K.L.:
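Just dropping this structure here.
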Number of protein chains: 2
Amino acid sequence: MATIDDVARSAGVSVSTVSYVLSGKRPISEPTRERVRKAVAELGYRPHAGARALASSRTQVIGLVAPLRAGVDVNVIMQFVAGVVTRARSFEHDVLLLTQDDVAGIERVSSGSMVDALVVMDVEAQDPRITTLLAVKQPVVLIGLPARPHGLSCVDLDFEAVGRLAVTHLVELGHRTIGLVGPPPSVLARHTSYAERLIRGLQSQAEEDGVHAVVEPAEPGHRGGQAATEVLLAVDGLTGIVVHNEAALPAVLDTIRQAGRRVPEDVAVLTVGPPEVALSQTPPVTSIDIPAQEIGGAAVDMVIERLASAGSPQTRLFSPRVTLGETTARH
Amino acid sequence: MATIDDVARSAGVSVSTVSYVLSGKRPISEPTRERVRKAVAELGYRPHAGARALASSRTQVIGLVAPLRAGVDVNVIMQFVAGVVTRARSFEHDVLLLTQDDVAGIERVSSGSMVDALVVMDVEAQDPRITTLLAVKQPVVLIGLPARPHGLSCVDLDFEAVGRLAVTHLVELGHRTIGLVGPPPSVLARHTSYAERLIRGLQSQAEEDGVHAVVEPAEPGHRGGQAATEVLLAVDGLTGIVVHNEAALPAVLDTIRQAGRRVPEDVAVLTVGPPEVALSQTPPVTSIDIPAQEIGGAAVDMVIERLASAGSPQTRLFSPRVTLGETTARH
DNA sequence: TTGAAAGCGCTAACAT
DNA sequence: ATGTTAGCGCTTTCAA
């Protein structure tokens, strides 16, 4: 591989000139710049990432902590990841992926200076990683909202507002008893941030509106969705179901039909998740979208910003909106 | 951050001794080793990844090329990724994730010496990345099987055998006309390796067995699966359906029922995909598993092996097996 | 506008 | 069994 010395020699300039042409950190005369560019192209030169990291203390790599836990909506995860990677690239950064659910990986890449910043997914209300993250020298952004952020930056969909919005939407349509097919028990058991926030919003809005809300977690897969839906359908006077569990959605629709109830005439269905999933059902399901890609991108924005200016941490919550399908109607 | 010099000073030894204690590349007396370890622990020392990469030409990072394309089974992708990351960690490697579908990322991380090796996913029959990969200095393993591997190492489930096995299983049960709900048209259009191989195996086995096979791609989502299934159900004498499209599976089962046909009495269903998805349906679907996690791990094994010994490239194909559910029966 | 040179923090050959 | 030291390939200060 060609080194910066080779380029300098070939262009008849010093290495620092080559470096400055590449970084643009000081003005270089047009002719020189052109000669350097030519030499770079001819030799197929690429700076050695390690050498650059050593000299500049910048790796151009963002660490993405994405534990692959049971019960998560894999489509949503992928969208987050895609958003992070894409936005990172737009800032000339690559992404190092950590999927192990421990604090060791965070410590390793952080104190080993493998990354410039960290984006952390699947945050829990009392996340055990927070202590470690607070001690990290790189900027950190959480995707999610712990009970106590301790001054860490956070970004997420406002899931509490999602819960409220779901209730409001259904109540406005005349529904008075509403069920939630929630995330799997395992997700709730570890107090996953988004799950608890949605339920909290749903319940408090229901209370404010004086309507009845029933929460029923669903195990992954068809049977989980089926079981939860059957429980809800047995609830007296229930006419609306909110689904916060991508894997259960087909089963929910299926089970309602099997029970001889019509959607939306007898039971309205509203799902929380990626638009594609909701809209590709039969019929298209009214949904509150999770703009996962956008949130992932925003996480990178925040982390890059703090890399540049060391500004103070902030929390950014995206407001939910309803995308109408054909599964909610006036009761 | 503490450097190796700090550790050496604190332990009263030279830097090389510290380095050798850490790498184990030369014998160190027990007392010295202990003093070094203690100093490392006290200072919380971690070698600087960039410095190490510069000096040793090893990054301890594997590049994972995983383009997030339309129509792929996201569960399967995730399993591959999980397999790669987990196995990589067991060899003290981390994973840099490239999701962009171009050759630029490969060139960047390869010639920038950001990775020690590359694992490439979602391989097409005539994959445009192959030329680039052949020029790369790091070891490469493809997950998938291009028409001409050109001497690159490959690992995958033997999808041709999957197609054959699916037919054999159904034919043995007495089925004579078989349908395939295939991957989305977009996946077929780009000649995705696994999709074409499965169809090839399915068709040639059908021919050999003198049975009729109909292939119908399915767009993602419920409606795609529904449409494809309706087409197949209209085929005269069709009694068996193979589903190679995770997102369509619930819709396929649903549509068969809606059409008033029973599973498996009237129509047998066999799916190709992760076991969890198949088994969590109602009823549990007979499946040919894609051991994605295992394959991802094997890819890492192969790449690590070549890093150690520069052995010659090889192709490893996993043999498919049927996991019985309740959706296939004698006709 | 450009160049020289001192590091950055390691590894590993070469000494002892 | 341990130490000394020359790089690894960059960035960036200091000079000119």
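Bear in mind that the values here come from a model prediction, so they are computed numbers and not experimental data. Reminder, nothing fancy here: chain letters follow the sequence lines and each chain counts from 1.
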K.L.:
Among B:S113, B:S111, B:S110, which residue satisfies the side chain to side chain donor-acceptor pair (under 3.5 Å) criterion with B:K137?
P.N.:
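The residue from B:S113, B:S111, B:S110 that satisfies side chain to side chain donor-acceptor pair (under 3.5 Å) with B:K137 turns out to be B:S113.
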K.L.:
Rounded to whole angstroms, how far apart are CZ on A:R9 and P on D:dG9?
P.N.:
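For the pair A:R9 CZ and D:dG9 P, the rounded distance is 12 Å.
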K.L.:
So, are B:D102 and B:R129 salt-bridged, with charged N and O less than 4.0 Å apart?
P.N.:
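A salt bridge is absent here (no side-chain N lies under 4.0 Å from a carboxylate O).
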K.L.:
Does A:T17 make a side-chain N or O approach to OP1 or OP2 of C:dG3 shorter than 4.0 Å?
P.N.:
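So the side chain of A:T17 is within the cut-off, an N or O lying under 4.0 Å from OP1 or OP2 of C:dG3.
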K.L.:
In whole Å, I'd like the distance from the CD atom of A:E30 to the C1' atom of C:dT2.
P.N.:
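Value for this atom pair: 16 Å.
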K.L.:
Under 4.0 Å between a side-chain N or O of A:S57 and OP1 or OP2 of D:dT11?
P.N.:
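Answer is no, no contact under 4.0 Å.
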K.L.:
Look at A:R197 together with A:D158 and state whether they make a salt bridge at an N to O cut-off of under 4.0 Å.
P.N.:
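Salt bridge between A:R197 and A:D158, a charged N being under 4.0 Å from a carboxylate O: no.
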K.L.:
Should B:E124 and B:R69 count as an ion pair when the cut-off is N to O under 4.0 Å?
P.N.:
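Between B:R69 and B:E124 there is a salt bridge, with a charged N closer than 4.0 Å to a carboxylate O.
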K.L.:
Where along nucleotides 10-16 of chain C does protein come under 4.0 Å, by heavy atom, of base (B) or sugar-phosphate alone (S), with - for untouched nucleotides?
P.N.:
BSBBB--
K.L.:
Is the CD atom of A:Q126 crowded by more than 12 outside heavy atoms at less than 6.0 Å?
P.N.:
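Open: at most 12 neighbouring heavy atoms sit under 6.0 Å from CD of A:Q126.
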K.L.:
Short question: side chain of B:T17, backbone of B:V13 - any donor-acceptor pair under 3.5 Å?
P.N.:
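No, B:T17 side chain to B:V13 backbone: no donor-acceptor pair under 3.5 Å.
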